[in-house]
Amino acid sequence: MAGQSKLTALKIKAAIPGDKLQDGGGLIFNRTESGGKWIFRYSFSGRRREMGLGSMPDVTLADVRRARARWAAVLQNGLDPISERQRIKAEEVASLNRDDPTLAEMIDTVFEARKDQLRGDGTRGRWLSPLRVHVIPKIGARRMSTIHQRDIHDVLAPIWRTKHETADKALYRLRIVFKQARYMGYDVDPFICDAARHMLGHHDHEEKPIAATPWQDVPALFERIAGPHPSHLALRWSILTATRGMSARGAQFNEIDGDVWTVPADRIKGKRGKVKDFRVPLSDAAIDVLEQCQAHARNDFLFPSPRVGYVSVQALTKVLDRLGEAGRPHGFRTSFRSWIQDTNAAPFDVAETALAHIVGSKIERSYARSDLLDQRRALMERWGRFVTGEAAGDVAQLRG
């Protein structure tokens, strides 16, 4: 092969862009404006193929001759050099993925292992969202072993103060990912997430409570959102039941039996397996809303969306915005709880249970298993009468 060589360093240097110089054995040098490309031309199964062997000056004439000899030997053994190189590369990547996955791959692995604990397989809680938006696009392709605390710092620093809650979630979940990778035997150190947090610095993040309509103003607002539109009815239902957004907006007719609405665990806040179905007693006012929903029913949902599924929280918020109401849908729960406090309407355990809050220690709950449905039924009826203006001045204590 060496005796047939035609190229020399001088010939290569003298070539002008567009020249194609033969070295023998199928090796070709294609001169370009930026340097040149090495090509191995051969025939396999009656087809001419061209295999790139690199660029000059990165690959020297001596290097490319050795590469040509290697792939010529593969061809002599009845294999296609291009296909064989692809196979070898795929095996190398697979081996590297086993020994040192990318951050994006590790995130997917951890999420798949954890999503059974999350509501809606993690989609509703958007467990991946902070990572998918702020981390993966920047360092997701990096191998786990190559990531340093400085990398994490640089990714999260732009949002550490402006979107601190999101950045904090991303950092917390990254630590989970690195910790799990360590358990799986990969050469990583979860401490880099702690180090990154230290580098990002302390941030006094003041939680801003969700705006709530003062309970004294709820009857007037309730009257203003009258109407058969699903968004208006969903707002009224949210007020009267004091349930969380997803529970209320996703209500279905088959979940209601008489004056009891059973919210399935899948729409209750909390990890899967840690929450259970929650019974909500319906007041006469809530039954009136239910009857309006039945009169305009289009599918199984009480509050159907014009497109698919049930109305969104954005649809409810738009109604409040048009009315000039600063309170938000979730704030109706605060309105309800404040009304109970200020009017002494119910004991603490009844009030908290009405909001689907956990009351007492695990041991206490193992003995006190009642969901206080009858007491809550009386409480919700009284709240409904207040909201609809039937008992605006009633502040007497409800006794269980």
Do NZ/NE/NH1/NH2 and the carboxylate oxygens of [X] and [Y] come within less than 4.0 Å?
{"X": "D23", "Y": "R68", "answer": "yes"}
{"X": "R182", "Y": "D189", "answer": "no"}
{"X": "E381", "Y": "R377", "answer": "no"}
{"X": "K138", "Y": "D151", "answer": "no"}
{"X": "E255", "Y": "R267", "answer": "yes"}
{"X": "K318", "Y": "D321", "answer": "no"}
{"X": "R197", "Y": "D194", "answer": "no"}

- Item | Transitive ILVMFWY side-chain link L156 to M199, under 4.5 Å |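 Hydrophobic grouping puts L156 apart from M199.
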- Task: Following the transitive rule for hydrophobic clusters with a side-chain heavy-atom cut-off under 4.5 Å over Ile, Leu, Val, Met, Phe, Trp and Tyr, establish whether L103 and I136 coincide in one cluster.
- Result: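 The answer is yes; both residues are in one hydrophobic cluster.
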More than 12 non-hydrogen atoms from neighbouring residues, nucleotides or ligands closer than 6.0 Å to [atom1] on [X], yes or no?
{"X": "R307", "atom1": "CZ", "answer": "no"}
{"X": "D187", "atom1": "CG", "answer": "no"}
{"X": "Y172", "atom1": "OH", "answer": "no"}
{"X": "F253", "atom1": "CZ", "answer": "yes"}
{"X": "Q341", "atom1": "CD", "answer": "yes"}

- Query: In terms of the angle between their ring planes, are F29 and W38 parallel, tilted or perpendicular, with boundaries placed at 30° and 60°?
  - Reply: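 Rings of F29 and W38: tilted, as their planes differ by 30° to 60°.
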- Could you tell me which non-hydrogen atom of T102 sits nearest to which non-hydrogen atom of A141, and how far apart they are?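 Nearest heavy atoms, T102 then A141: CG2-O, 3.6 Å.
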- Query: What pair of heavy atoms forms the shortest contact from F178 to V188, and how long is it?
  - Reply: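 Shortest heavy-atom contact: O-CG2, 3.6 Å.
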- Query: Would the Y42 and F44 ring centres measure less than 6.0 Å apart?
  - Reply: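 Between Y42 and F44, the centre distance exceeds or equals 6.0 Å.
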- Message: Under 6.0 Å between ring centres: does that hold for W215 and F336?
- Response: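 No - the distance between ring centres of W215 and F336 does not fall below the 6.0 Å cut-off.
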- Looking just at side-chain N and O atoms, do D100 and S145 make a donor-acceptor pair shorter than 3.5 Å?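 Yes - a donor-acceptor pair under 3.5 Å links their side chains.
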- Query: Are a donor atom and an acceptor atom from the side chains of S55 and D58 found within less than 3.5 Å of each other?
  - Reply: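 No, no side-chain donor-acceptor pair sits under 3.5 Å.
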- Task: Calculate, to the nearest 0.5 Å, the distance between atoms CZ and CD belonging to R70 and E84 respectively.
- Result: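 Reported to 0.5 Å precision, the distance equals 8.5 Å.
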